[in-house]
> 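I have a structure here, written as structure tokens, and I will follow up with some questions on it.
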Protein chains: 2
Amino acid sequence: MEKPNITAQSAMRAAGGRPAKVSEVLELLGRRVVTGDYAVGETLPVEKELIEELSVSRTTLREAIKTLTALGLLEVRTRHGTRVRPRQDWSLLSRDVLRWMQPVEGVNVELSSAIDEAREVFEPAACALAAVRADRREITRIRLAYEAMERAAENDDVEAAIQADKDFHLAILAATGNPILEAFDTAIDAVLGLLFKAAIERHMESFRKNLANHLRVLEAIEQRRPEEARQAMLDMIGFTRRNLENYQIIKPIS
Amino acid sequence: MEKPNITAQSAMRAAGGRPAKVSEVLELLGRRVVTGDYAVGETLPVEKELIEELSVSRTTLREAIKTLTALGLLEVRTRHGTRVRPRQDWSLLSRDVLRWMQPVEGVNVELSSAIDEAREVFEPAACALAAVRADRREITRIRLAYEAMERAAENDDVEAAIQADKDFHLAILAATGNPILEAFDTAIDAVLGLLFKAAIERHMESFRKNLANHLRVLEAIEQRRPEEARQAMLDMIGFTRRNLENYQIIKPIS
DNA sequence: TCTTGGTGATTGGTATGACGAATCGCCAGC
DNA sequence: GCTGGCGATTCGTCATACCAATCACCAAGA
């Protein structure tokens, strides 16, 4: 049902229960980079200093840095040190990077707005594709997510509502059969949780009102009507956008 | 002008000129995973065996595996070994992963089709956004790329044509001001090269015919007409798609 | 016979120390 | 002042060791 979601976050505890050191270092350095603690273009302290500051072995430090390099945050050159790469090279669709970019409390309005704008681009198209290509299994998954939303609405269960809403969108993405579009699911998964949580907690009623939009999407996909599905998703995102703007979780379109 | 493009590929040679060992191991293991040499869900040989097979130290092997883990290809659990994660978790927008997924000769039709389909989704939208938001600098970059395309057409310079065409599309993406959309530039950069190369080499004339489409996009952006820009890009992609289909570089829409 | 408990082997996680290669900065000599 | 070289710096790689968690196996006891 759920994918493993192996991220630094979830991997932070080794089987035993103690936090894994590499993950700790990764989290710390990753956050320092995205928060600008180490500015773009800046050179990080040399290995020796970081080892002393963090009290870890060189092995551990280097493994963490290898991960940050793979995520596009850092660039290591022999003898020149470790530097922060420009923002456009960061893997913004990585769970870890997205998490680091969100403040511990609240939301990153700039980033959330960008993701919401991207949703408006991808999700209607994904719906249209899903209406054409989804197999029975995938449609069932979408329907189950919708039904879970209905139950959550009845029970006033915020957590379940968020989860079901996310599942609904992820199921549609998965039904496009396009692996490139599916790559976007990380952003959906990582951020819709935040956005919806902020919105739903403020006003569960808006979640209920949005149920009808979801149902339209579902039915259009079931009936193999791509253009209706596209339009329904567009309407839904518009509805959501207005809510998010009202709560200042995202900023209005420029 | 050009971004550093630090990938395993380019990092394969350390400053000296000798290939870096970690990168070699990374390339080898990465390709084994995406080619299915190590199947999804399968457990890789234990560290000791890989060390012996590849004749590298444990440090080197583990740093390579750390990178593959960050790219979503592998998952390491203490005492359980290293396993290949399901395909939908792979970072398809990473240069390295995309490269591994393309055969050494020719193109991966499935993947190329998916990327082309994704382009049709986000590039028209990117054009519309660029028409609204691009600043003078960004518009200049787009125009310069267009002019480079014209020169390449005059000179029958295939390499320059490919590069300029890529630049044109990347410049538009960069002008959206949306970092999430920009994240797809990796896919564009890594794959348009392949696609265009295959197409242009076969028939430079189609590249020339496509110039007018590019000009329409450029002018619409300069004149701040988002809907015209969107439509122009849609037309351009349709034109390209027909070519690619003819050459069986991608498969027809389902 | 089945369960329970221990015990050693396996496997990844971390720490250390060492050496190499490339490069930078400084200083001496021309 | 310029040039050449030498030492120091810094990352890349290697070898080894120990730890913790877990698994497979076996033996003792109910």
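So that the names make sense, note that chain A is the first sequence line, chain B the second, and so on, each numbered from 1.
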> Could you check which of D:dC23, C:dT14, D:dC14 has an atom nearest any side-chain atom of B:Thr60?
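Taking heavy atoms from C-beta onward, the closest nucleotide is D:dC14.
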> Quick one: A:Arg83 CZ to D:dT10 P, roughly how many Å, whole number?
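Answer to the nearest Å: 15 Å.
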> B:Glu24 CD to D:dG12 P: how many Å, rounded?
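Result: 15 Å.
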> To the nearest Å, give me how far apart CD (A:Glu63) and P (D:dC11) are.
17 Å
> Hey, are the side chains of B:Glu75 and B:Asp89 touching, using non-hydrogen atoms and a 4.5 Å cut-off?
no
> Any side-chain N or O of B:Arg62 below 4.0 angstrom from OP1/OP2 of C:dG12?
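For B:Arg62, the contact criterion (side-chain N or O under 4.0 Å from OP1 or OP2 of C:dG12) is not met.
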> If you look at every heavy atom in A:Leu93 and A:Ala187, which pair is closest and at what distance?
CD2-CB, 3.9 Å
> Should A:Leu50 and A:Val25 count as side-chain neighbours, where that means a heavy-atom distance under 4.5 Å?
no
> Nearest to the A:Arg58 side chain among D:dT13, C:dG12, C:dA15, which nucleotide is it?
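Output: D:dT13.
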> Does B:Trp100 reach the side chain of B:Leu29, with side-chain heavy atoms less than 4.5 Å apart?
no
> Suppose we call two aromatic rings close when their centres sit under 6.0 Å apart. Are A:Phe184 and B:Phe122 close by that rule?
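Ring centroids of A:Phe184 and B:Phe122 are no less than 6.0 Å from each other.
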> Tell me which residues in residues 38-57 of chain B put a heavy atom below 4.0 Å from DNA chain D, sorted by number, or none.
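Of all residues in residues 38-57 of chain B, the ones placing a heavy atom under 4.0 Å from DNA chain D are B:Val56, B:Ser57.
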> Does B:Thr59 reach a base, just sugar-phosphate, or nothing at all? Heavy atoms under 4.0 Å.
base
> Using whole Å, report how far NZ of B:Lys66 lies from P of C:dG13.
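Checked: the NZ to P distance equals 6 Å.
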> Does the A:Glu138 side chain pair with the main chain of A:Asp135, one donor and one acceptor, at a distance under 3.5 Å?
yes
> Which whole-number value in Å describes the distance from B:Leu61 CG to C:dG13 P?
11 Å
> Report yes if the side chains of B:Arg58 and B:Leu61 come closer than 4.5 Å at any heavy-atom pair, otherwise no.
no
> Hey, is the side chain of B:His80 poking within less than 4.0 Å of OP1 or OP2 on C:dT10, counting only N and O atoms?
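False: B:His80 side-chain N/O out of range (4.0 Å or more) of C:dT10 OP1/OP2.
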> Of all the choices, D:dC23, D:dT13, C:dT14, which nucleotide is nearest to the side chain of B:Arg79 once you look at every atom?
D:dC23
